[in-house]
Structure formats: C-alpha cells, structure tokens
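Not measured: the values here are computed from a predicted model.
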Amino acid sequence: MMKYFKWSFFFLICGMIIAFWRGESVQAGLGFKDLIAALIICSLEVSLSFDNAVVNAIKLEKMSAIWRKRFLTWGIAVAVFGMRFVFPIVIVAIFSGISCREVLNLALNNPDQYAHHLHEAHVGISSFGGAFLLMLFFEFMFEKGKTVHWLPALEKPLNKLGKIKGAPTILTILALCVPQIFLTAEQIKVSVVAGIAGIIVHLAIHGVSTKLESMAEAKNAFALKHAGLASFIYLELIDASFSLDGVLGAFALTKDVVIIAIGLAVGAFFVRSMTIMLVEKKTLDKLRYLTHGAYWAIGSLALLMFASTIQEIPEIITGGLGVALIVSSLISSLQYSKKNG
C-alpha cells in the first residue's frame with residue numbers, strides 16, 4: 001500500500017509545514033490552528049472524493065499508457081494549482097463581474113471579502129457542478145447493454161428510460177428546474193444559465209471523447225493522436241466538478257485561501273494515489289458493484305448540489321452519504337465474490 005501513497009504522505013508533511021509557517025507569518029501562535037484546519041480540509045477532500053477516484057480509474061483504464069502518465073503528472077499539477085486555486089478565482093470573477101486580478105488580490109489580502117463573493121456565487125457554482133455530475137451519473141446508468149445491476153429495482157427501470165433519445169439531458173433539465181421554484185428572480189437567471197452551461201460542457205466533452213475513442217478503435221490516425229487529450233480534458237472537468245463542493249465547504253473552517261489550497265491540494269494527491277492503486281490492482285474488476293456505488297454517490301452529490309442552492313447542506317451529509325453508498329457497494333461486492341468464488 002505504501003508504494004502508492006508514499007508521495008502523498010511526503011506532500012502531506014510538506015503541506016502541513018507550509019500551513020504552520022503561513023499561520024505564524026500572519027500572526028504568532030496561529031500556526032498550529034492553521035495546520036489543524038489544513039489537515040481537516042485534506043481529510044474532507046479525501047472522504048468526499050473517493051467516488052472521484054473510482055471514476056478516474058474507470059476512465060484511466062481506457063487511456064493509452066502515455067496519457068495515463070500525463071494524467072498522473074500534468075494532471076496533478078492542473079488538479080492542485082488549477083482546479084483548487086485558479087478555478088475558484090475564475091468562477092468568482094465570472095459571477096461577481098470583477099477582474100481575475102482583483103479577485104486574486106482579495107483572495108490573498110482580503111479573504112473575508114473573497115469568501116463573501118464566493119458565497120454569492122454559490123448558486124451558479126452548485127448549479128453548474130450539479131448539472132455536470134448528474135449528466136455523468138446518467139451516462140453510466142443509461143449505458144447500452146448494461147447487464148450488471150447493484151440496485152436492480154432502481155437501475156433496471158433507469159436503464160430502460162435511457163433508451164429515450166436525449167433522456168440524460170431531459171432528466172437533468174427537469175432536476176435543475178425543481179430548485180428554481182424557491183429561488184429569487186436574479187438567482188433563477190444565474191442558476192439556469194450555469195446549469196445549462198454544465199449540461200452543454202458535458203455533452204461537448206463527452207461527445208468528442210466518445211467519438212475519438214470509437215475512431216481510435218478503427219485505427220484512425222487523427223483519433224489515435226487526440227483521443228487521449230479529449231479524455232484528459234474530460235477527467236479534469238470531472239475533477240473540477242468534484243472540487244467545487246470541497247472549495248465551498250472549506251470556508252466553514254478558515255477564510256485563508258492559502259490554507260484552503262494546501263488542504264485541498266494534499267487531498268488531491270491522495271485521490272490520485274487511490275486512482276493509481278485502483279487501476280494497477282484491477283480493483284474495479286474484482287469488486288463487482290464498487291463502480292455502481294461510486295456513480296450513485298455522484299448522483300446523490302449532484303442532487304445535493306442542486307438542493308444547496310436553496311439551503312446550505314452540511315459537509316457531513318454530502319460526504320457521509322457518498323461514503324455510505326460506496327461502503328454498501330463494497331460490502332455487496334465482497335458478498336458476491338464470496339458466494340460465487
């Protein structure tokens with residue numbers, strides 16, 4: 001196990017040292033408090049992102065060796081710096097109408113004001129992330145020829161429903177419409193635009209990725225060259241959608257964006273380590289229903305993100321529900337393996 005997590009523990013130690021130094025440089029005696037905050041944020045990120053690791057592993061198994069390596073090298077840089085630090089700043093700039101440079105200045109020098117703008121952008125962030133992740137959930141549930149069902153009473157009817165043309169988009173739009181009943185006119189405009197953007201981005205990236213994969217199987221030269229890039233971008237967008245929830249939740253512990261970035265970044269390293277372990281140990285092949293549990297966790301997270309546009313949802317609920325679904329699918333997988341040898 002340690003061979004997969006040794007670098008993660010190395011960055012954990014480095015991250016906690018930096019967090020302590022950051023706290024002490026701001027105010028004497030604050031270092032230990034910031035170290036604890038960073039450690040808790042890291043733990044939350046890992047607990048909220050196990051389903052992310054499973055999805056990463058599913059997609060990664062289909063990628064070529066070179067793009068696997070790039071996802072685990074370039075990808076970690078994008079995940080750590082881009083999605084956990086730059087992406088929230090861009091999101092705040094879009095929804096607040098101020099420049100990225102000004103938002104960055106607020107994040108570093110006026111964290112309370114930055115947190116305020118991020119909170120105001122919550123409706124748009126949650127609508128975008130919820131729509132993108134719900135499309136991802138339906139992508140799995142509506143898969144053609146799907147014969148393995150963890151929760152057959154739910155999954156079989158869903159799979160049949162997927163035969164309707166455009167079912168993922170229709171159902172996601174319907175789910176997006178529900179919270180609009182409880183929002184103000186201004187919030188509705190933001191939520192609908194962000195939600196539709198999430199759907200369009202998923203359709204575009206998933207469509208291109210699928211098309212290139214099928215062309216690559218036919219030995220098309222262009223597809224062989226670019227299929228990995230499309231899958232890489234798709235995985236990074238999935239990672240971004242998962243990280244949105246962690247970024248918002250982290251502000252309940254501290255307003256210091258540097259401490260938040262450290263905690264989320266270290267957590268991202270552990271998620272990547274889990275992904276590598278799942279791929280190399282062929283864990284998803286051995287545990288029959290683990291993938292199902294991860295996608296049900298994704299579906300529940302998407303709906304909770306929609307619900308959070310109306311009422312704040314505690315991290316213990318979003319994280320706890322995801323863990324409960326994954327653990328349940330793990331137990332079911334072990335029982336199946338024991339029963340069938």
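- With hydrogens and angles disregarded, no donor-acceptor distance shorter than 3.5 Å links the side chain of Asn159 to the backbone of Lys144.
- Considering CD1 of Ile196 and OG1 of Thr169, their distance stands at 9.0 Å, rounded to 0.5 Å.
- Within the structure, every pair that satisfies the side chain to side chain donor-acceptor pair (under 3.5 Å) test and touches residues 98-108, not counting sequence neighbours, is listed here: Asn105-Asn109.
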Requested in this report: Give the C-alpha distance, both sets of side-chain angles, the deciding distance and a yes or no for side-chain hydrogen bond (donor to acceptor under 3.5 Å, both in side chains) between Trp296 and Ser329.
Outcome: CA-CA 10 Å; Trp296 276 108; Ser329 68; over 6 Å; no

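- Scanning all heavy atoms of the two residues, the minimum distance from Ile259 to Ala37 falls at CG2-CB, 4.2 Å.
- Side-chain contact between Phe9 and Phe269 is absent, with no heavy-atom pair separated by less than 4.5 Å.
- Leu133 places a side-chain heavy atom less than 4.5 Å from the side chain of Leu136.
- In this structure, the side chain of Glu155 engages the main chain of Leu151 through a donor-acceptor pair within 3.5 Å.
- Phe137 has its side chain out of reach of Leu301: every pair of non-hydrogen atoms, C-beta onward, lies at least 4.5 Å apart.
- Criterion: ILVMFWY side-chain heavy atoms under 4.5 Å apart, direct or through other members. Under it, Phe138 and Leu174 are part of a common hydrophobic cluster.
- Using a 4.5 Å heavy-atom cutoff, the side chains of Arg272 and Asn56 are in contact.
- Separating the OG1 atom in Thr291 from the CD1 atom in Ile58 is a distance of 4.0 Å, to the nearest 0.5 Å.
- Between Ala324 and Ser328, the shortest heavy-atom distance links the atoms O-OG, 2.7 Å.
- Counting only distance, with no hydrogens or angles, the side chain of Lys286 and the backbone of Lys281 share a donor-acceptor pair below 3.5 Å.
- A single hydrophobic cluster is seen to contain both Ile181 and Ile310, as judged by linkage of ILVMFWY side chains at heavy-atom distances under 4.5 Å, directly or through other members.
- Formation of a donor-acceptor pair under 3.5 Å by the Gln180 side chain with backbone atoms of Leu176 is found in this model.
- Nearest heavy-atom pair, Ala57 versus Leu278, reported as atom, atom and distance to 0.1 Å: CB-CB, 3.8 Å.
- A 6.0 Å sphere centred on NZ of Lys160 holds no more than 12 heavy atoms belonging to other residues, nucleotides or ligands.
- The aromatic rings of Tyr295 and Phe140 lie parallel to each other, their planes meeting at an angle below 30°, with 60° marking the opposite boundary.
- Atom CG of Leu35 and atom CD1 of Ile18 lie 11.5 Å apart (nearest 0.5 Å).
- Between His117 and Val103, the closest side-chain pair of non-hydrogen atoms is not below 4.5 Å.
- There is a path of hydrophobic side-chain contacts, each under 4.5 Å, that joins Met135 to Ile200.
- Contact between Trp150 and Leu325 at its shortest, heavy atoms only, is CH2-O, 3.5 Å.
- Ring orientation note: the planes of His202 and Phe132 are nearly perpendicular, at an angle over 60° on the 30°/60° scale.
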**Report entry** CA sep, side-chain torsions, deciding dist, call: Met274, Tyr4, side chain to side chain contact (heavy atoms under 4.5 Å, CB included)
**Finding:** CA-CA 7 Å; Met274 282 192 286; Tyr4 296 106; over 6 Å; no

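- Hydrophobic clustering keeps Val193 apart from Phe182 (ILVMFWY residues linked when any side-chain heavy atoms are closer than 4.5 Å, directly or through intermediates).
- By the 4.5 Å heavy-atom criterion applied to side chains, Ser127 and Val190 are not counted as neighbours.
- The OH atom of Tyr114 lies 7.5 Å from the CD1 atom of Ile260; values are rounded to the nearest 0.5 Å.
- With a 4.5 Å cut-off on side-chain heavy atoms, Leu134 and Ile199 do not count as touching.
- Using modelled atom types, no side-chain atom of Gln113 and backbone atom of Leu106 make a donor-acceptor pair closer than 3.5 Å.
- Counting all heavy atoms, side chain and backbone alike, Ser333 lies closest to Leu290 at OG-N, 3.4 Å.
- The hydrophobic cluster containing Ile17 does not contain Phe270, counting ILVMFWY residues as joined when their side-chain heavy atoms lie under 4.5 angstrom apart, directly or transitively.
- Atoms CD1 and CD, on Ile331 and Gln335 in that order, are 7.0 Å from each other to the nearest 0.5 Å.
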Query raised in the report: Which is it for Ser126 and Ser308 under the side-chain hydrogen bond (donor to acceptor under 3.5 Å, both in side chains) test, yes or no, and what are the steps along the way?
Result: CA-CA 7 Å; Ser126 295; Ser308 71; 3.2 Å; yes

**Report entry** Working for side chain to side chain contact (heavy atoms under 4.5 Å, CB included), residues Leu171 and Leu161
**Finding:** CA-CA 10 Å; Leu171 291 176; Leu161 193 61; 3.7 Å; yes

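- For the atom pair SG of Cys14 and CE of Met16, the computed distance is 10.0 Å after rounding to the nearest 0.5 Å.
- Panel note: side chain Ser191, backbone Val123; no donor-acceptor pair is recorded below 3.5 Å.
- Inter-residue side-chain proximity for Val148 and Tyr336 is flagged as unmet; no heavy-atom pair is nearer than 4.5 Å.
- Considering every non-hydrogen atom in both Ala131 and Phe306, the closest pair reads N-CZ, 3.5 Å.
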